[in-house]
Amino acid sequence: MTRLFMVFMLTVLLSMRIMNAATHYVVPPGTVGVIPVNPYTNWTTAGTNIIEVVNAAMTNTAPMHIWVSNGTYYLTNHVYVNNAVTIQSVNGRDMTIVDGNCPNTTNRCFYLDHAGAVLDGFTITNGMENQLGGGILVTNGIVTNCLIVDNQLTNSGGSYGAGVLIYYGTLTDSIVMRNRGARYGSGAIVMLSEGSIRNCVFSQNTNNPSFGASVEVWGHSTISNSVISNNYGVGL
């Protein structure tokens, strides 16, 4: 019995160690009491740059979880996720803002490129991209509980999804508003292959009046239980 108990405890401790190693943390720059230390695995050594923390997490092939504290995070490039990483805010989209820093930089905010990639609970704003996905590009992954607002595309000759562009992936429980397209594609979201939208709101997005201002759906993509309202064409 004692031996079984010792084996059990060893298993629990090993599991806790694995869980700790698989969790990373982000706080705003200048947070009192925090000294960033790679790989940012607790709040006192948390990173202050989302890109750096995501890159640190993706050095491990196991599923990772990144917790992001309240604040506004300004980007110098898009956050690229090509592994099974969940990036989640602690207190939701109203408290946690990722800013693409347009017009100081010209990049989208997030690029999800893995079936296990998850973005949960952020305001995504001020992303600017030439052609594909002004706020978020999803070639595979899940975006949920986000506000995607005031992102834009710049190429009037051909561009797709000022707010979100999805190839294979899912957008759920999110609001997509005031994003601005450049011509082709949509001001809000474009789904090109097998995208899925559920429980979302698309409002006040704009695009060239000859093209879609709200949602454009291709292939085997689906949209359900969502609201599309007050999107409109404007001269660009």
Side-chain angles (χ1 to χ4, degrees), residues 26-30 47-55 57-58 66 68-82 85-90 92-114 117-156 158-167 169 171 174-183 185-190 200-207 213 231 236:
V26 186
V27 298
T48 58
N49 183 306
I50 293 177
I51 295 173
E52 291 178 357
V53 177
V54 168
N55 289 341
M58 290 194 302
I66 298 172
V68 183
S69 184
N70 299 358
T72 300
Y73 299 86
Y74 295 95
L75 300 177
T76 56
N77 202 340
H78 65 212
V79 182
Y80 179 54
V81 187
N82 64 344
V85 177
T86 296
I87 307 171
Q88 184 174 3
S89 67
V90 174
R93 64 194 182 203
D94 293 337
M95 304 298 294
T96 319
I97 301 165
V98 176
D99 191 310
N101 208 16
C102 167
N104 297 315
T105 60
T106 54
N107 50 262
R108 70 177 67 87
C109 295
F110 283 91
Y111 179 3
L112 305 187
D113 190 24
H114 192 281
V118 179
L119 183 66
D120 184 351
F122 293 88
T123 292
I124 309 298
T125 190
N126 282 337
M128 176 189 283
E129 184 65 27
N130 186 31
Q131 287 186 297
L132 305 176
I136 306 173
L137 172 61
V138 183
T139 52
N140 217 331
I142 298 171
V143 177
T144 185
N145 300 313
C146 288
L147 170 62
I148 302 162
V149 58
D150 293 328
N151 303 283
Q152 63 180 298
L153 294 172
T154 59
N155 186 349
S156 61
S159 54
Y160 300 90
V164 188
L165 172 60
I166 297 177
Y167 286 88
L171 177 71
S174 295
I175 298 171
V176 184
M177 64 183 296
R178 296 204 311 264
N179 301 284
R180 189 170 75 239
R183 188 179 179 188
S186 168
I189 183 170
V190 173
C200 292
V201 175
F202 301 91
S203 179
Q204 303 175 54
N205 300 285
T206 60
N207 199 10
N231 303 281
L236 299 174

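In this text the structure is predicted, and so the values were computed from the model without any measurement.
Between Val26 and Glu52 the shortest side-chain heavy-atom distance does not fall below 4.5 Å. With contacts defined as side-chain heavy-atom distances shorter than 4.5 Å, the pair Val98/Leu75 qualifies. Counting heavy atoms from C-beta on, the side chains of Leu137 and Tyr167 come closer than 4.5 Å. A 4.5 Å side-chain heavy-atom check between Ile124 and Val164 finds every atom pair outside the cut-off.
Under the 30°/60° scheme for interplanar angles, the aromatic rings of Tyr111 and His78 are found to stand perpendicular.
One finds the SG atom of Cys109 at 7.5 Å from the CG atom of Asn126 (value rounded to the nearest 0.5 Å). Between the CD1 atom in Ile87 and the CD1 atom in Ile66 there is a gap of 5.0 Å [rounded to 0.5 Å].
With sequence neighbours left out, the side-chain contact (heavy atoms from CB on, under 4.5 Å) criterion links Asp120 to Gln88, Val118, Thr144, Asn145. Every residue two or more places apart in sequence or in another chain was checked for a side-chain contact (heavy atoms from CB on, under 4.5 Å) with Asp94, and none qualifies. Applying the side-chain contact (heavy atoms from CB on, under 4.5 Å) rule to Ile97 yields the partners Thr72, Thr123, Thr125; only residues at least two apart in sequence or on another chain are considered. Under the side-chain contact (heavy atoms from CB on, under 4.5 Å) criterion, Thr96 pairs with Val68, Asn70, Tyr73, Ser89, Phe122, not counting sequence neighbours.
Listed for the Asn151 side chain is no donor-acceptor partner under 3.5 Å among the backbone atoms of Asn179.
Here salt bridge (charged side-chain N to carboxylate O under 4.0 Å, His left out) pairs that include residues 127-154, with residues two or more places apart or in two chains, are Arg108-Glu129, Asp150-Arg178. Annotation: salt bridge (charged side-chain N to carboxylate O under 4.0 Å, His left out) contacts involving residues 96-107, sequence neighbours excluded, are absent.
For Arg93 against Cys146, the heavy-atom pair with the smallest separation is NH1-O, 3.4 Å.
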